A.B. asks: 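Starting off with a structure, shown below.
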Amino acid sequence: MRVLVLGAISFITFRWVLIPIRTEGSSMLPTYAPDKLHFVNRLAYGPSGPERGDVVAIMMAGPHVLYVKRIVGLPGERVGIAGGQVQINGSNLAEPYVRHRRAWDRGEVTLGPREYFVIGDNRGMSAADHDFGRVQADRILGKLIF
Amino acid sequence: MRRTLGIVLAVVAIAVGAWFLFARADPGAPVRARLDAFADMVNKSTVDGLGPEARSAQLGTFFTEDVDVELGSGAAPIHGRATIIGMAARLQPRTAAFQIRFQDVSVTMGDGGQTASVHLTAEFIRRAITNGEESLDAREFLLGMRRVGPDWQIAKVTAISTLQ
């Protein structure tokens, strides 16, 4: 009986609350290495939403294939990249998690009321091989907890 | 304890029942089946004896004559089944180390069941010929599908930029 209850609780937890994911690719190096198991907390965000610096899972067509990116821009902010440096409202953003930077450039955009700007930690790779940019809040599945 | 177990089992039973009813009544099932068949066809290696032209022609049956493919990111649009068949024939020798998988497929039926709009994530798994190492890429797509006779065919493919 206990096994059944434990099984049901585990099923609910790992299906709707803590989603196990396996990382692919190198875009979040050095913070998250490829081919490792992590968990996404779907209940991490209340009405206030994600904060700058959070690493979040972003849905593509659904919850089975996800981007893992870091939030650098919040709704309403102006975000751009100049010479590899992320700028928020015209000021450089301190990013201690970035080890190497290539001279990426991206014109400034103003985020909508439900938009975030996300990017991977690995800025040593080519910008053409790295997916980053604006994302709608409803695509954010949750926050990576480890 | 017994009450808790009863509640848990009841919730699970309701969920299973709802899923079973929903799955049985899913009008998009033939569309999903057709997409699964397409992925199977792409994933077949050349060991079944089919030559590149024959396989490409088979792949062509999954598309309408006037199919439009828009991959975005500066790629030129592709128009017509004949173009796709030609491209597939040229790519064939390389596709033996290439697999496709569809995830999170959602189907919305339209036009009295004669058309369907499909939102999905396509995973592309490439296996390096030299060391067998696999790499995975994924893109989000919107497909417009049309019923042509007994079959469903892809009439429009549009790549979606998840991050803009």
Side-chain angles (χ1 to χ4, degrees), chain A residues 1-13 15-16 21-27 34-35 56-73 79 106-107 109-112 114-120 127-136 138-141, chain B residues 1-16 18-19 28 31-32 35 39 71-75 99-108 116-128 133-143 157-164:
Chain A
M1 196 177 291
R2 282 181 184 170
V3 172
L4 275 176
V5 172
L6 203 62
I9 290 170
S10 299
F11 177 77
I12 291 165
T13 301
R15 189 167 175 90
W16 286 292
I21 60 166
R22 189 167 63 90
T23 48
E24 292 275 353
S26 58
S27 77
D35 210 24
V56 296
I58 298 158
M59 291 188 286
M60 299 185 93
H64 291 99
V65 186
L66 305 163
Y67 278 117
V68 173
K69 301 287 175 189
R70 190 180 293 277
I71 288 181
V72 294
V79 184
R106 168 93 178 232
V109 292
T110 301
L111 301 176
R114 300 266 304 150
E115 275 186 336
Y116 293 84
F117 197 96
V118 297
I119 189 168
D129 297 331
H130 191 123
D131 290 330
F132 63 96
R134 291 175 291 147
V135 65
Q136 289 292 325
D138 56 9
R139 282 188 179 265
I140 296 174
L141 183 70
Chain B
M1 185 66 184
R2 193 167 285 181
R3 189 178 170 190
T4 308
L5 177 66
I7 292 168
V8 168
L9 288 178
V11 168
V12 170
I14 289 167
V16 169
W19 175 83
V31 176
R32 293 173 204 275
L35 289 171
L71 299 177
S73 307
Q99 300 267 300
I100 190 169
R101 198 162 51 204
F102 295 135
Q103 299 274 22
D104 296 318
V105 180
S106 65
V107 180
T108 308
S117 175
V118 181
H119 185 202
L120 56 80
T121 304
E123 286 186 312
F124 307 98
I125 302 127
R126 292 190 204 91
R127 195 175 341 104
E133 209 168 275
E134 287 188 348
S135 65
L136 187 143
D137 195 10
R139 290 290 299 271
E140 191 178 342
F141 289 96
L142 202 58
L143 308 183
V157 180
T158 310
I160 296 175
S161 298
T162 309
L163 306 180
Q164 296 168 338

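Atoms considered below: every heavy atom in the structure, side chains included; atoms not considered: hydrogens, waters and symmetry mates. Lettering follows sequence order; numbering is per chain, from 1. Computed from a predicted model, the values in this text were never measured in an experiment.
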A.B. asks: Below 4.5 Å, heavy-atom pairs only: which of B:Arg139, B:His119, B:Glu123 has the largest tally toward chain A?
C.D. replies: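 Among B:Arg139, B:His119, B:Glu123, the one with the most close pairs to chain A is B:His119.
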A.B. asks: Could you pull out the closest heavy-atom pair between B:Ala138 and B:Thr121, with the gap in Å?
C.D. replies: CB-CG2, 4.1 Å
A.B. asks: Taking side chain as everything from C-beta outward and backbone as N, CA, C, O, which of these in A:Val118 sits under 4.5 Å from a heavy atom of chain B? Side chain, backbone, both or neither.
C.D. replies: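 The side chain, not the backbone.
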A.B. asks: Identify the heavy atoms of B:Ala116 and B:Val107 that sit nearest to each other, and give their distance.
C.D. replies: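 Shortest heavy-atom contact: CB-CG1, 4.1 Å.
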A.B. asks: Who wins among A:Val135, A:Ile9, A:Val65, A:Ile58 for the most heavy-atom pairs under 4.5 Å with chain B?
C.D. replies: A:Val65
A.B. asks: Can you tell me which portion of A:Phe117 sits under 4.5 Å from chain B's heavy atoms? Options are side chain, backbone, both or neither.
C.D. replies: neither
A.B. asks: Is a side-chain donor or acceptor of A:Ser27 paired with a backbone partner of A:His130 at a separation under 3.5 angstrom?
C.D. replies: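 A pair under 3.5 Å: no.
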A.B. asks: Identify which part of A:Pro63 has an atom lying under 4.5 Å from any heavy atom of chain B, answering side chain, backbone, both or neither.
C.D. replies: both
A.B. asks: Kindly say whether A:Met59 contributes a backbone atom to a donor-acceptor pair with the side chain of A:Arg139 at under 3.5 angstrom?
C.D. replies: yes
A.B. asks: Between B:Ile160 and chain A, with a heavy-atom cut-off of 4.5 Å, which part of the residue counts as in contact: side chain, backbone, both or neither?
C.D. replies: side chain
A.B. asks: Checking B:Asp137 side chain against B:Phe124 main chain: does a donor-acceptor pair fall under 3.5 Å?
C.D. replies: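 Checking the backbone N and O of B:Phe124 against the side chain of B:Asp137, no donor-acceptor pair under 3.5 Å is found.
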